[in-house]
Amino acid sequence: MWSLTTLSTLLLSLPLTTLAALSSNLTHISKFGPNPRNVSMYIYVPKSLPKDPPILVVPHWCHGTALDAFNGRPYAALGDQYGFISIYPDSPNTADQCWDVSSPQSLSHEGGGDALGIVSMVRWTLEKYSGDRDRVFVTGTSSGAMMTQVLLGSYPDVFAAGSAFAGVPFGCYAADGYGVWSDACATGKITHSGKEWADLLHRAYPSYTGWRPKLQVWHGTADQVLNFTNFGEEIKQWTSVLGLDERKREVSKDMPQNGWTRYRYGGGRFEAFEAEGATHDIPNQADVVMEFFDLKCRSGERCFGRPKERFRGGW
Ligand SMILES: *[C@@H]1O[C@H](CO)[C@@H](O)[C@H](O)[C@H]1NC(C)=O
Ligand SMILES: *[C@@H]1O[C@H](CO)[C@@H](O)[C@H](O)[C@H]1NC(C)=O
Ligand SMILES: *[C@@H]1O[C@H](CO)[C@@H](O)[C@H](O)[C@H]1NC(C)=O
């Protein structure tokens, strides 16, 4: 088993954004609304933006920081190019820099925990920059992928879509405390039926009956940190949550890389990428993420977002 420290070194070895090419700076914001756990907020606001810019949240991995995620992923430069704001939260859990994806607070709507702090950043940004409320997205790796699924489950009214690299299902880390590590979940020993996983998620926001964000998940078959079993558990959970038939799927080989397989459900409402042979350090796929979120789309009314008249697609 590789240590998480080795892992963060691996994640950091990914190609870095050319900082000099950016139009603006990563900026720390100290006051942005309810934040009981004191999550830190960093934001990248391109110099030039459309009048209602989309927002992308990029939570870091364990032993990572906001700056690591900013440098290790190309979203600031892509935001310059396509006109969106990116937010980089920084974990207050200084022991391991993992996210609080365990507490009953994070696992419930407006309940508190790290999840509420991150949602407050989104709300502050929507207000400050007249962001597009229907085009808020989140993508993360490892602990950031867990947080992606926690945010979609606890705040289905805030996000339009998520993309989770090497994570676990919503609630798999549930425990009585903030930022508790679950060996049982990490090693793939927590399994449920789709209905059980969905029930667990629905407890986050029982009164919610509205539209739910779409999601794509990615997992390496040789993941040595969060066992590949979690991939199957995510599929069960999200097909169930989204009301899709787990058996009805389109299978595409070599997507987006040789040997990988994409399983697509409900015409793209949910996608699961099986990364054959990949470890926990699964290569990031910003192109596919940008496409899934429709973040290259320039004309607000025709872009993917939470449903309105303008919404395209069948669901
Ligand atoms: C970034 O911040 C530095 C220091 O505050 C400032 O000198 C520089 O002009 C900023 N660059 C951009 C592109 O905003
Ligand atoms: C968050 O910061 C406030 C103000 O500094 C402090 O009173 C509070 O105890 C902190 N909360 C946590 C969970 O660290
Ligand atoms: C994942 O768990 C299964 C079942 O315990 C085990 O056989 C497999 O080796 C584990 N995968 C990795 C990459 O450790």
Side-chain angles (χ1 to χ4, degrees), residues 1-11 28-42 59-62 65-66 89-108 110-121 123-124 141-143 145-147 150 154 164-169 172-173 175-193 197 217-237 257 259-261 263 272-283:
M1 171 91 126
W2 297 1
S3 74
L4 287 166
T5 312
T6 314
L7 172 68
S8 66
T9 313
L10 286 172
L11 290 165
H28 178 247
I29 305 293
S30 46
K31 281 216 167 67
F32 50 85
N35 182 24
R37 293 277 301 155
N38 295 339
V39 182
S40 304
M41 173 177 182
Y42 294 84
H60 58 71
W61 40 91
C62 287
T65 62
D90 199 274
S91 169
N93 309 311
T94 47
D96 58 9
Q97 281 288 114
C98 296
W99 291 107
D100 162 32
V101 291
S102 58
S103 73
Q105 286 82 357
S106 261
L107 299 181
S108 61
E110 312 291 359
D114 291 7
L116 178 61
I118 295 176
V119 165
S120 292
M121 297 175 197
R123 290 173 172 152
W124 181 89
T141 296
S142 191
S143 188
M146 299 185 197
M147 182 48 93
V150 165
S154 293
F165 289 81
V168 303
C172 197
Y173 267 55
D176 189 15
Y178 297 104
V180 177
W181 183 263
S182 169
D183 265 324
C185 179
T187 54
K189 294 196 179 64
I190 297 184
T191 60
H192 290 299
S193 69
W197 279 122
V217 299
W218 306 74
H219 219 108
T221 58
D223 193 319
Q224 74 288 21
V225 177
L226 300 175
N227 192 281
F228 184 67
T229 300
N230 283 298
F231 182 70
E233 299 305 304
E234 288 172 330
I235 292 173
K236 285 192 269 175
Q237 179 172 62
Q257 288 190 189
W260 294 20
T261 306
Y263 302 99
F273 291 84
E274 178 176 335
E276 180 60 39
T279 64
H280 193 56
D281 187 26
I282 181 172

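This one's a predicted model, so the numbers in the text were calculated from it and none came from an experiment. Counting starts at 1 for both ligands and their atoms, following the listed order.
- For ligand 2, the atoms closer than 4.0 angstrom to any heavy atom of Pro36 are 11 (N), 13 (C).
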**OP:** Would you please test Cys172 and Ile190 for side chain to side chain contact (heavy atoms under 4.5 Å, CB included) and show each step?
**Re:** CA-CA 7 Å; Cys172 197; Ile190 297 184; 4.0 Å; yes
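- A search for side-chain contact (heavy atoms from CB on, under 4.5 Å) contacts involving Ala145 returns Ala164, not counting sequence neighbours.
- Panel note: side chain Asn230, backbone Asn227; a donor-acceptor pair is recorded below 3.5 Å.
- With hydrogens and angles disregarded, a donor-acceptor distance shorter than 3.5 Å links the side chain of His60 to the backbone of Ser91.
- Residues meeting the ring pair (Phe, Tyr, Trp, His ring centres under 6.0 Å) test with Phe32, sequence neighbours left out: none.
- Listed by first and then second residue, the salt bridge (charged side-chain N to carboxylate O under 4.0 Å, His left out) pairs involving residues 224-237 are Glu233-Lys236 (not counting sequence neighbours).
- Contact annotation: Pro92 has no heavy atom less than 4.0 Å from any atom of ligand 2.
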**OP:** For Glu274 and Phe231, run side chain to side chain contact (heavy atoms under 4.5 Å, CB included): C-alpha distance rounded to whole Å, both residues' side-chain angles, the deciding distance at 0.1 Å, then the answer.
**Re:** CA-CA 8 Å; Glu274 178 176 335; Phe231 182 70; 3.9 Å; yes
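- On a distance-only criterion, Asn38 and ligand 2 share at least one N/O pair closer than 3.5 Å.
- Sorted by chain then number, the residues whose non-hydrogen atoms approach ligand 3 to under 4.0 Å are Ala222, Asp223, Asn227.
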